[in-house]
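We count ligands from 1, going down the list as the structure has it; atoms in each ligand are counted the same way. All residue numbers in this chain count up from 1 along the given sequence.
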Amino acid sequence: MSYVFRSILCPYCLNQLNKKDVGYICPSDPSRFLPQTWMDNLFERTPLCNCSECGGRVANIVCNKCKMILPSGILDYKKYMRFSIVGVPQSGKSNFLTAMMYELMNDSKVPFVFEPISADTKRIFQDNVNHMYNPEYPEPVDKTEEHFEMPPPQLWKITDSRNLNGSSRDVYSLTYFDGAGEDYEKLDDRVCRYLNGSKCLFILFDPLALPGVKNKIDRHVYTWSGGSAGVIGQQNGGAIVSDLARYLRNNLRIKENTTIDKEVAIVFSKIDAVRNTFGSGSRVLEPSPHAAKNGFYVPDADAVNEEIKKWLHDNNETAFLNAINSNFNTNKVRYFGVSSFGQPPTGENRLAKVTPHRVYDPLMWMLANEGIIPFIN
Ligand SMILES: Nc1nc2c(ncn2[C@@H]2O[C@H](COP(=O)(O)OP(=O)(O)OP(=O)(O)O)[C@@H](O)[C@H]2O)c(=O)[nH]1
Ligand SMILES: [Mg+2]
Ligand SMILES: [Zn+2]
Ligand SMILES: [Zn+2]
């Protein structure tokens, strides 16, 4: 397929790659570099390898900056999306990402096909799904190991299946990292590029870490939901936000007196465990309407946003709200409430059948911000 070379994003090192930053190698012998012929150049196409083993196979594409082999379709993607997910240890990141991707892949109302495109992504995702969605013995996914460097990026391909009559489909890539909470204390070049290049930040907060909420929760539910494992059990909500904001500022190289000007989804995880702290008629506890509405349904999102702010206020977490307001551009902040399991664990490392709740709302918001799905009013 021919294409006009646009700058692409290396999903591994997260550098923006121009034509000269991309190389072609023999699929059978990675040490053999293949030049583009003048015809390849003219038509902007990937060269073929005519060595005896390959016999005309399409060459592998490599990133000249990090030397990783890039996904074969990478030059044809329409958009390279990244979101960053941050959250202290045990806030629920890994279970949330697993539930989000699994539900997106399996909900017939979602008009996109999601596929993992690297061996690491497939392995990690499958392993997590085998835990959470195990028909006999569902259990939470394991705690993420702390990494000496960055964790491997999780790479997904998203194919838009709405344009069924057309011959070509829009294809996007989505990259995120699921680090251990402890990784987020480090400064690293790649983390900087990753955070800087993300238009959208997902910040996961564990409602059980909020002093105003935690005393209202059944002790078993609290313990089985990782409530006592969090290292920040003693901090108040405002301090948790300030710590995260400091980490983001350092990595984004933003001064202390400027707000963090990105779209920020403030996502409260584990909503199942704090159900009883929401009033009757709660919108947060209602199922997500977005997929059925074929877009991001703003009236619902606004109601959820307001309800969570009020809930924080009613639970003496005004300091949390103030810390968000003083660190972020409030016009770009939205509050979400999700549950990866749908109901609290039934024992230590023991789940009932998982029925995730609203897990893909933040991603729907991001897709709307990217212009891929519409905002519906
Ligand atoms: N009740 C309830 N508990 C949850 C939910 N999601 C996660 N948990 C619990 O929260 C704890 C932490 O979940 P993880 O997803 O591993 O959290 P993490 O942020 O990835 O943690 P690190 O890998 O240590 O950074 C586990 O004990 C989970 O069982 C949820 O939706 N509801
Ligand atoms: Mg984790
Ligand atoms: Zn690279
Ligand atoms: Zn070859």
Checking the side chain of Asn305 only, and the main-chain atoms of Tyr335 only, is there a donor and an acceptor separated by less than 3.5 Å?
yes
Would you say Lys310 has more than 12 foreign heavy atoms packed within less than 6.0 Å of its NZ?
no
Round to 10° and report the angle made at the Zn ion (ligand 3) by SG of Cys10 and SG of Cys66.
110°
Close aromatic pair by centroid cut-off 6.0 Å: Phe268 and Trp311:
yes
What angle sits at the Zn ion (ligand 4) between SG of Cys26 and SG of Cys54, to 10°?
110°
Vertex the Mg ion (ligand 2), arms to Ser94 OG and Thr144 OG1, rounded to 10°:
90°
So what does the Cys49 SG - the Zn ion (ligand 4) - Cys51 SG angle come to, to 10°?
110°
Decide yes or no for Asn327 and Thr259: does some side-chain heavy atom of the first lie under 4.5 Å from some side-chain heavy atom of the second?
no
